[in-house]
Structures are given as C-alpha cells and as structure tokens.
Visitor: 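Structure provided below as structure tokens; questions to follow.
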Amino acid sequence: MSPLAISLIIAAVVVVLLLLLSVRIVKQYERGVVFRLGRVVGARNPGLRFLIPIVDIMHRVSLRIVTMPIQSQGIITRDNVSVDVSAVAYFRVVDATKSVVAIENVRAAINQIAQTTLRKVVGRHSLDETLSETDRINDDIRMILDVTTVEWGVEVTLVELKDIQLPDAMKRAMAKQAEAEREKRAKIINAEGESLAAAALGDASDTMMAHPLALQLRNLQSLVEIGVDKNTTVVFPAPLMSTIGELGNFLNHESEASRRPAPATNGATPSPRS
C-alpha cells in the first residue's frame, strides 16, 4: 500500500473521530449548556447540535420536575412539643445556565435548604396549627424556598408535609381529649332532646286540659298498646274505670237518641199509634 493511501486512510479516520466528537444530541426534556475554553457561550435547544471538538464542552441539564423526599426532622413546636416531620418537595430547573454556573449540586443544595426551612417554619407554629393548617405551612415553606432557589435557576413548584409523628404520651392525651369532647357533645345533644321533649309534653298537656275527651282517648289508646301482650296484667285506677263507664253511658245515650223518631214538620201533630 502506498504512503498516499495510508495518509488518506488516516485523514479519513481523523475526520470521522472529529465528527463523532463534535456531534451531540439534546433530548426534548434537556438543555445543553456549552462551555468554550471555560466560558459559557449559551444553552443548546433539543435536537442535533455540533460542537468544536476539544474546545467545546456541553453539560446536559434536565428540565423535568424532580421529586425529592425531605427526611424526617425532629422539631420542637412553639408550644414545646417534640414532633418528627417529614415532607416531599417538587422542583424543576427553569434556567439551565444558572443551575450549572451558580451552584455546584442543585439537588443536594435544595435538599439541605428544604430541611432547614422545614424546621424553621414548623417551629413557629403550635402543635394544633401544625396538624390543622398544613396547607398554610406548605405555602410558607415553598415561598421561602423560591426566594432562595431563584438565583440557582430552580423553581420549587410544590412542598407537602408527608408525615407527622407525635410522642406516645401526646397521642394518649389527644385521645382522651377527643373522647371528652365526644362525651360533651353527647350530653349537650341529650339535654337538647330532653328540653324539646319537655316543651312538647307541655303543649300536649295544654291541649288535653282544653279538651278533656282527648285525655280519655289517650287512655284508651294506652289500653290498646298494652293489650298487645296478652301475658300482661294491667291494674287501672278507679278514676280511669269510672271514666270508661261514663264514656260508655255517653255512647249509649247517643245511640238511643239516634233511634228516636224525628219530630213532624210543617206544624203537623203525629197521630197516636193504635
């Protein structure tokens, strides 16, 4: 093989190597930050990109939302209760150049600042506020993180408290408190029911005083209800029995009156029966 052919082969290999070193593919969810001789020359959008071999270096930065758990923190609340709180944070890179130039490790930095912010925000609230106002605590943590991470080209989209662990003694105390609260509500409801029943009985007694026959009918209704059980012996007081007798006499009188002939009309005198 001639020296010229060998030179052409070597040149072709070098060209291919240079092309391989200069070609980069940036994915849709990435941005490429290019450094030329140590200086930032800009960010590359998704697609096929060409670099100057050896001179240019590209760092790929993912723009997808990252889920980062915040490990459990031992926190003392404002009312001096020790709790263990864990959370989860969601963030994404919005400026690829800042995330590479401004800070060395974005994920580690956000993890540390999220832990300290969680401890600081929860420590400003009492235990009851921590348990009942989690949405406000989440917003406070996210706002504080956004102020810090905006200089790193990162946006914290969401922070959520994931778990709150209480001491066993506090759990027992809260259980007793909840039980006492339920008993209080039960007694209040029972008292309100007694009050309504007393008012209804008062109205019923007024009605029976105005209509004595209603009381007698109520007594008879009680007899019917008691008589359902045939094995029961009922002893009625004398006034009730006399009332029943009077009611029977009244019904007999009304029945005899209904059987009497009606008086003649138009002034005519009825003829005597033969």
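In what follows, residues are counted from 1 in the order of the sequence shown. No experiment lies behind these values; they were computed from the predicted model shown.
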Visitor: Rounded to the nearest 0.5 Å, what separation is found between the OG1 atom of T149 and the CD1 atom of I144?
Guide: 11.5 Å
Visitor: So, are R142 and D146 salt-bridged, with charged N and O less than 4.0 Å apart?
Guide: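 Looking at R142 and D146, the cut-off is met.
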Visitor: How many angstroms lie between NE2 in H125 and OG1 in T134, if you round to the nearest 0.5 Å?
Guide: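 Going from the NE2 atom of H125 to the OG1 atom of T134 covers 10.5 Å.
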Visitor: Working to the nearest 0.5 angstrom, can you tell me the gap between E133 CD and D135 CG?
Guide: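 One finds 9.5 Å between CD of E133 and CG of D135.
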Visitor: Tell me if the CG atom of L158 is crowded by more than 12 foreign heavy atoms within 6.0 Å.
Guide: yes
Visitor: Less than 4.5 Å apart, side chain to side chain, heavy atoms only: is that true for F91 and E155?
Guide: no
Visitor: Do E129 and R78 meet the salt-bridge criterion of a basic N to acidic O distance under 4.0 Å?
Guide: yes
Visitor: Which heavy atom of A87 sits nearest a heavy atom of L161, and at what distance?
Guide: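 What the structure gives for the nearest pair is CB-CA, 4.0 Å.
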Visitor: Got a salt bridge between E181 and K184, using NZ or NE/NH1/NH2 to carboxylate O under 4.0 Å?
Guide: yes
Visitor: Rounded to the nearest 0.5 Å, what separates atom CZ in F35 from atom CE in M58?
Guide: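 Interatomic distance, F35 CZ to M58 CE, rounded to 0.5 Å: 12.0 Å.
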Visitor: Can you tell me how far the CD1 atom of I110 sits from the CH2 atom of W152, to the nearest 0.5 Å?
Guide: 6.5 Å
Visitor: Side chains of D163 and Q165: any donor to acceptor distance under 3.5 Å?
Guide: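 There is such a pair (donor and acceptor under 3.5 Å, judged by atom type) between the side chains of Q165 and D163.
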Visitor: In Å, rounded to the nearest 0.5 Å, how long is the span from CD of E160 to CD1 of I137?
Guide: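 Answer for the CD-CD1 pair, E160 versus I137, is 11.5 Å.
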Visitor: Can any side-chain N or O of D79 pair as donor or acceptor with the backbone N or O of L127 at less than 3.5 Å?
Guide: yes
Visitor: Quick one: closest heavy-atom pair of R31 and N45, and the distance?
Guide: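 That would be NE-OD1, 3.7 Å.
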Visitor: Provide the closest heavy-atom pair for A89 versus I70 in the form atom of the first, atom of the second, distance.
Guide: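 So the two residues come closest at CB-CD1, 4.1 Å.
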Visitor: Taking all atoms of both residues into account, what is the closest heavy-atom pair of A96 and S99, and its distance?
Guide: O-OG, 2.7 Å
Visitor: Would you say the side chain of V66 lies within less than 4.5 Å of the side chain of R92, judging by non-hydrogen atoms?
Guide: no
Visitor: Testing the basics here: between A102 and E151, what is the closest heavy-atom pair and its distance to 0.1 Å?
Guide: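 In terms of heavy atoms, the two residues are closest at CB-O, 3.6 Å.
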